[in-house]
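Have a look at the structure below before the remarks.
When reading the values below, keep in mind they use all heavy atoms of this one structure, side chains included, and skip hydrogens, waters and symmetry mates. When a residue number appears, it is its place in the shown sequence, counting from 1.
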Amino acid sequence: MSSEEKKRGMKTAPSPLASRLSPLAAPPAILLMGPTASGKTAVAAALAEALGCEIISVDSAQIYKHMNIGTAKPEAELLARAPHHLIDIIEPHERYSAGRFRDDALVLMREITEERGKIPLLAGGTMLYFQALTEGLNELPEADTAIRMMIDTMAEESGWPALHEQLSRVDPQTAARLQPNDAQRIQRALEVYYLTNKPLSEFHKQPKYVYFPYTPIRIALIPGDRALLHERIAQRFEIMLELGLIGEVRKLRQQYALDPAMPSMRCVGYRQAWQYLDGEFGLAALREKGVAATRQLAKRQLTWLRSMRDVTEFDCLAQDLDDQVLEFVRRKLAQPAVVG
């Protein structure tokens, strides 16, 4: 765009694919999902470069500033080629929610489609965010700092398993699907109960208002061999340690008033590095626990993906993964349901 065009406020020309969209059809949105270490970042960059998409990160850890190594954020060179939205948007001591992600993502998607004539590409592994975006959210009360502090104090005194037992008495359905040490979800379930005198499970039964004016192209990167994914996870965690994960967490502790119960420090890798710095175990145990926690995360992500409908799976270990996914997306974009 020339400087004269910028002065007149003219919009950039839409991408060739986006320009063929029927005005009667919901614009397409690519949803690229997968477990940790499945290669989502590389595939997303390849799609963005080939199709002129704009990437929206769907990652509840990469939202935090100064948390780069342990969240495996895209490197500067890749971000220069394929910029990502919703990375580095809040400080480590702040909180973010699935509801806020939904609001932020919908605003960005509208700008990408209506103002710039491009296709939004949502890529990441935070399945709750994908669900909130496409299926809506129940009307839940806002977080209450005083209530959360009270619950955290109770947890310090009796432990999260005791609070899980307490939750099982007031909300057995929610407690049944949570692990006794799932601090974040136990805290939220008790918080909702204390604020409303109603169990969280009751809110989940209420109908949701869903607003998602897009035609989703859902893609899941699934490992054909789970053992090979585990090898990737172990290698990546080792690289994180070599790059300075421990030093990154140490610096965060020095710069911010953090505690291990905060969402940022509950992220896989950061929680274990915090415990290491507190002297709870040595470097060998840090490696072991960090890899084990990442494998558990991948298992939960895969379980969630298996439950989703209308998802096309690709083996994330395939040598030609980028080409396979790109060919599939091009076919979907050429279908009359999406393109006129």
Side-chain angles (χ1 to χ4, degrees), residues 35-36 60-61 64 70 92-93 95-98 125-129 131 138 140-205 230 233 237 249 252-253 257-304 307:
T36 184
S60 61
Y64 296 109
H93 63 278
R95 292 178 178 269
Y96 198 72
S97 67
T126 302
M127 304 307 161
L128 176 62
Y129 286 7
Q131 184 182 55
N138 300 101
L140 293 171
E142 294 290 331
D144 186 290
T145 302
I147 295 291
R148 291 195 170 190
M149 288 178 63
M150 179 190 74
I151 295 171
D152 285 340
T153 301
M154 293 165 60
E156 289 175 5
E157 294 175 351
S158 350
W160 286 107
L163 267 66
H164 180 266
E165 186 177 341
Q166 179 181 330
L167 178 64
S168 67
R169 292 194 289 270
V170 298
D171 189 355
Q173 291 185 26
T174 299
R177 62 182 179 81
L178 299 182
Q179 295 296 318
N181 285 305
D182 192 342
Q184 188 170 357
R185 291 179 176 83
I186 293 171
Q187 181 194 60
R188 179 56 174 160
L190 285 174
E191 177 188 35
V192 169
Y193 180 77
Y194 291 148
L195 287 170
T196 66
N197 204 33
K198 295 179 182 178
L200 179 63
S201 55
E202 185 173 322
F203 286 92
H204 286 164
K205 294 174 184 176
H230 289 173
I233 287 172
F237 193 76
V249 177
L252 288 168
R253 284 163 52 129
L258 301 175
D259 66 66
M262 289 181 173
S264 62
M265 293 299 105
R266 288 177 185 161
C267 293
V268 169
Y270 290 88
R271 180 187 308 177
Q272 291 74 29
W274 184 291
Q275 292 173 302
Y276 168 82
L277 289 170
D278 276 354
E280 294 185 27
F281 43 70
L283 186 58
L286 169 58
R287 286 191 177 93
E288 180 183 342
K289 292 178 181 295
V291 169
T294 310
R295 287 181 178 179
Q296 285 298 314
L297 170 61
K299 182 180 179 180
R300 293 194 297 271
Q301 290 169 318
L302 287 168
T303 299
W304 203 313
S307 69

Grab the two heavy atoms, one from [X] and one from [Y], that are nearest each other, plus how far apart they are.
X	Y	answer
Leu252	Leu258	O-CD1, 3.7 Å
Gln179	Ile186	O-CD1, 3.6 Å
Ser60	Tyr129	CB-OH, 3.5 Å
Val268	Gly290	CG1-O, 4.2 Å
Leu195	Glu142	CD1-O, 3.7 Å
Cys267	Tyr64	SG-CE1, 4.4 Å

So which pairs with a foot in residues 288-303 pass side-chain hydrogen bond (donor to acceptor under 3.5 Å, both in side chains), sequence neighbours left out? none
Residues pairing under side-chain hydrogen bond (donor to acceptor under 3.5 Å, both in side chains) where one sits in residues 149-163, two or more places apart or in two chains, turn out to be Asp152-Gln187
Do Glu191 side-chain atoms and Asp144 backbone N/O form a donor-acceptor pair below 3.5 Å? yes
Would a distance-only check, ignoring hydrogens and angles, find a side-chain to backbone donor-acceptor pair under 3.5 Å from His164 to Leu178? yes
Going by ring-ring contact (aromatic ring centres under 6.0 Å, His included), name the residues that satisfy it together with His93, two or more places apart in sequence or in a different chain. Tyr256
Which residues share a side chain to side chain donor-acceptor pair (under 3.5 Å) with [X], sequence neighbours left out:
X	answer
Tyr270	Glu248
Tyr96	Asp104
Ser97	none
Asp182	Arg185

Sorted by chain and number, sequence neighbours left out, side-chain contact (heavy atoms from CB on, under 4.5 Å) with Met149 holds for Thr145
Name all residues meeting the side-chain contact (heavy atoms from CB on, under 4.5 Å) criterion together with Thr196; count only those two or more places apart in sequence or in a different chain, and write none if there are none. Pro141, Val192, Lys198, Phe203
With a 3.5 Å cut-off and sequence neighbours excluded, list the donor-acceptor pairs that the side chains of residues 277-287 form with protein atoms.
{"residue": "Asp278", "atom": "OD1", "partner": "Arg253", "partner atom": "NH1", "Å": "3.3"}
{"residue": "Asp278", "atom": "OD1", "partner": "Arg253", "partner atom": "NH2", "Å": "2.9"}
{"residue": "Asp278", "atom": "OD2", "partner": "Trp274", "partner atom": "NE1", "Å": "3.0"}
{"residue": "Glu280", "atom": "OE1", "partner": "Gln275", "partner atom": "NE2", "Å": "3.4"}
{"residue": "Arg287", "atom": "NE", "partner": "Glu238", "partner atom": "OE1", "Å": "2.8"}
{"residue": "Arg287", "atom": "NE", "partner": "Glu238", "partner atom": "OE2", "Å": "3.4"}
{"residue": "Arg287", "atom": "NH2", "partner": "Glu238", "partner atom": "OE2", "Å": "3.4"}

Any side-chain heavy-atom pair from [X] and [Y] closer than 4.5 angstrom?
X	Y	result
Pro161	Asn181	yes
Ile151	Tyr194	yes
Pro92	Met262	no

Kindly compute the distance separating OG1 (Thr174) from CG (Leu200), expressed to the nearest 0.5 Å. 4.5 Å
Mind checking the OG-CE spacing from Ser307 to Met127? Nearest 0.5 Å is all I need. 9.5 Å
Using salt bridge (charged side-chain N to carboxylate O under 4.0 Å, His left out) as the criterion, list what pairs up with Arg271, not counting sequence neighbours. none
With Arg177, which residues qualify under salt bridge (charged side-chain N to carboxylate O under 4.0 Å, His left out), at least two apart? none
